[in-house]
Protein chains: 2
Amino acid sequence: MDLTTAEENYLKAIYHLSDGGKKSVSTNDIAAEMNTKAASVSDMLRKLGEKEVIEYRKYYGLQITETGKRHALQTIRKHRLWEVFLVEKLNFAWDEVHEVAEQLEHIHSTLLIQRLDSYLNYPKFDPHGDPIPDEFGDVRSRPRVQLNEMDIDQTGQIVAVKDSSAAFLRYLDKVGAYIGARIKVLDKVEFDGSLEILVDQKKTLFMSKDVAGNILVLQS
Amino acid sequence: MDLTTAEENYLKAIYHLSDGGKKSVSTNDIAAEMNTKAASVSDMLRKLGEKEVIEYRKYYGLQITETGKRHALQTIRKHRLWEVFLVEKLNFAWDEVHEVAEQLEHIHSTLLIQRLDSYLNYPKFDPHGDPIPDEFGDVRSRPRVQLNEMDIDQTGQIVAVKDSSAAFLRYLDKVGAYIGARIKVLDKVEFDGSLEILVDQKKTLFMSKDVAGNILVLQS
DNA sequence: TTTCGAAATTAGGCATGTCTAAATAAATGA
DNA sequence: TCATTTATTTAGACATGCCTAATTTCGAAA
């Protein structure tokens, strides 16, 4: 059962909106996400139901089937692998890759994706810090570490803070180390455990071990 | 005037069958090449005529326009660059690449193809030995200028260096001004002709007039 | 519990790109 | 030259994927 590009895009949107099949999704939600109208969505839901990637009962709602999840995760896997390729090999900025990856994710070739994965050295995360499902659709649990525990040259994305006092958040905002920022450890001072950090491939900043200990990073 | 994937495929077939516009092509020839029926071809020829990539008079024949040739060559260029990528980087065998390249050639992104070309080191032939059209048969080819001759706010892409000594290349690599990098002139010092350059919308760097004189830029 | 409004679906239309069958133009040869 | 064959085009269908407008269903408020 092959899916068209449009069907793959709808399925991916449904997967994301439902948080992997956990939450329920409305026709209007999907229409908003896909920039289409509710009528088009109803049409598509019928087709996706016939192809058995969702279970669809009109007016009641839908549920992704196991087959559907596999398909969606496969598309997400391709999208994120291409993003890694674009950033690491073709020097795209991490915010330039989405549109192109949206096209590349619909190329059909199992061999291509296997080889690309190998060529990129089996990356576990894309340039935005999102995990890349393996070829069986399994997603690796996201290892959050304290920034002060990272080694030189390791990279990641700031995903949370331990101390969320206003003062601390103000400080982070001021230095540009917001939630979501991608960071790289440039240097570590052994003496006091302070760090030199590259933020978003642009700014470098120094922080004490105490500050770094309050920042949780998703390693990539 | 954008072409659909189907239109690009017809145009490419016409270009090949006509040997670049030299020979005449019949509706049946095209139908055979495309694995479709003559009726479908007639339909498509009308559309391609309306989009002015061919000059079409029914029952008489067709001729590719200059615009059409440009489009066809661009598609062929993309196809062959992807073939080089698949063989050289992903270890595809030369006879495994065609089907995948048929899909990849329809990805729309000028930046992607520029970067891919650079990444592959500007190959002149694909794995089958067919020549790869260069970027400038397609749109109006722009002259390469020395970086030191550009004015403030002008943009372009580094395409070559005059001095290719190892030391100079090491320097370029160190500052991030690799072949393929997109640059913008932020400032020029009149006194000594040195420049402030924005590289890939991220890093700024200063360089002397002498260094800039060794860098060739394709203006955009 | 009944009604009313929001959400969802159906009806019908349009564009693309394909097909088969019918019609028409061009080419060929007696 | 004119009839016949061949090439090509048109006519009309169908599938996909989108739209607007009309209709149906559900659920929440009275």
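Side chains are part of it too, since the values below use all heavy atoms of this structure and drop only hydrogens, waters and symmetry mates. In what follows, chains carry the letters A, B, and so on, assigned in the order in which the sequence lines appear, proteins first and then strands, with residues in each chain numbered from 1.
Heavy atoms of other residues, nucleotides or ligands lying less than 6.0 angstrom from CD of A:Glu99 number 12 at most. In this structure, B:Glu55 places its CD atom where only 12 or fewer heavy-atom neighbours from other residues, nucleotides or ligands lie under 6.0 Å away.
Formation of a donor-acceptor pair under 3.5 Å by the A:Lys78 side chain with backbone atoms of A:Ile107 is found in this model.
Each of A:Thr4 and A:Lys58 was matched to the nucleotide of DNA chain D holding its nearest heavy atom; the match closer to the 5' end belongs to A:Thr4. Projected onto DNA chain D by closest heavy-atom contact, A:Tyr59 and A:Ala6 fall at different nucleotides, the more 5' of which corresponds to A:Ala6.
Here A:Thr27 lies in heavy-atom contact (under 4.0 Å) with sugar-phosphate atoms only.
Taking atom NZ on B:Lys51 and atom C1' on C:dG17, their separation rounds to 12 Å, with Å as the unit. At whole-Å resolution of the value, CZ in B:Arg46 and C1' in D:dA11 are 13 Å apart. Atoms CG (B:Asp43) and C1' (D:dT10) sit 9 Å apart, rounded to a whole Å. The nearest whole Å value for the distance from the CG atom in A:Leu45 to the C1' atom in D:dT16 is 16 Å. Taking atom NE2 on B:His106 and atom P on C:dG17, their separation rounds to 12 Å, with Å as the unit. Across the protein-nucleic acid pair, A:Met44 atom CE and C:dT10 atom P stand 15 Å apart, rounded to whole Å. Atom CG of B:Asn9 is separated from atom C1' of C:dG17 by 12 Å (rounded to the nearest Å). Put simply, CG on B:Asn35 is 15 Å from C1' on C:dG17, counting in whole angstrom units.
By the 6.0 Å and 45° rule, A:Arg80 does not stack over the aromatic ring of A:Phe125. Both the sub-6.0 Å distance and the 45° axial angle are not jointly satisfied by B:Lys89 relative to the ring of A:Phe85.
The side chain of B:Tyr60 places an N or O atom within less than 4.0 Å of a non-bridging phosphate oxygen (OP1 or OP2) of C:dA26. For A:Ser26 and C:dA7, the shortest distance from a side-chain N or O to OP1 or OP2 is not below 4.0 Å. A sub-4.0 Å separation between OP1 or OP2 of D:dT6 and a side-chain N or O of B:Asn28 is absent. An OP1 or OP2 oxygen of D:dT20 is reached within less than 4.0 angstrom by a side-chain nitrogen or oxygen of A:Lys37. Neither OP1 nor OP2 of C:dG17 sits under 4.0 Å from any side-chain N or O of B:Thr36. Note on A:Ser40: every side-chain N or O is 4.0 Å or more away from OP1 and OP2 of D:dC18.
Checked against D:dG17, D:dC19, C:dT16, the side chain of B:Lys47 finds its nearest nucleotide in C:dT16.
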